[in-house]
Amino acid sequence: MQKLRLRAAREGRSMQAVANDLIRHSIEIGNRPRDPYRLDLKGWEAQTRPGVDLLDRDALFDLMDGR
């Protein structure tokens, strides 16, 4: 409220006029089409190791030294 009051005084306008302009601007920004967000994940090359059963959780835990 204080910022609105200061801005209205600085611009020589009523608080209502400033508030209405801010609301209009906010609605205008919200109605603009946005570019679709694209998530670009980078991974790593998985290497199989002989004798490692990926379905055996305990064996995998032991291979990772308890991490």
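A distance of 11.5 Å separates CG in L22 from NZ in K3, rounded to the nearest 0.5 Å. Atom CD1 in I29 sits 14.0 Å away from atom CZ in R24 (nearest 0.5 Å). Considering CG of D53 and CG of D58, their distance stands at 11.0 Å, rounded to 0.5 Å. Taking CD from Q2 and CG from L6, the interatomic distance works out to 4.5 Å, rounded to the nearest 0.5 Å.
Taking each heavy atom of V18 and L4 in turn, the nearest pair found is CG1-CD1, 3.5 Å.
Cluster annotation: L55 is not connected to F61 through the hydrophobic network of ILVMFWY side chains, with a link wherever side-chain heavy atoms come within less than 4.5 Å.
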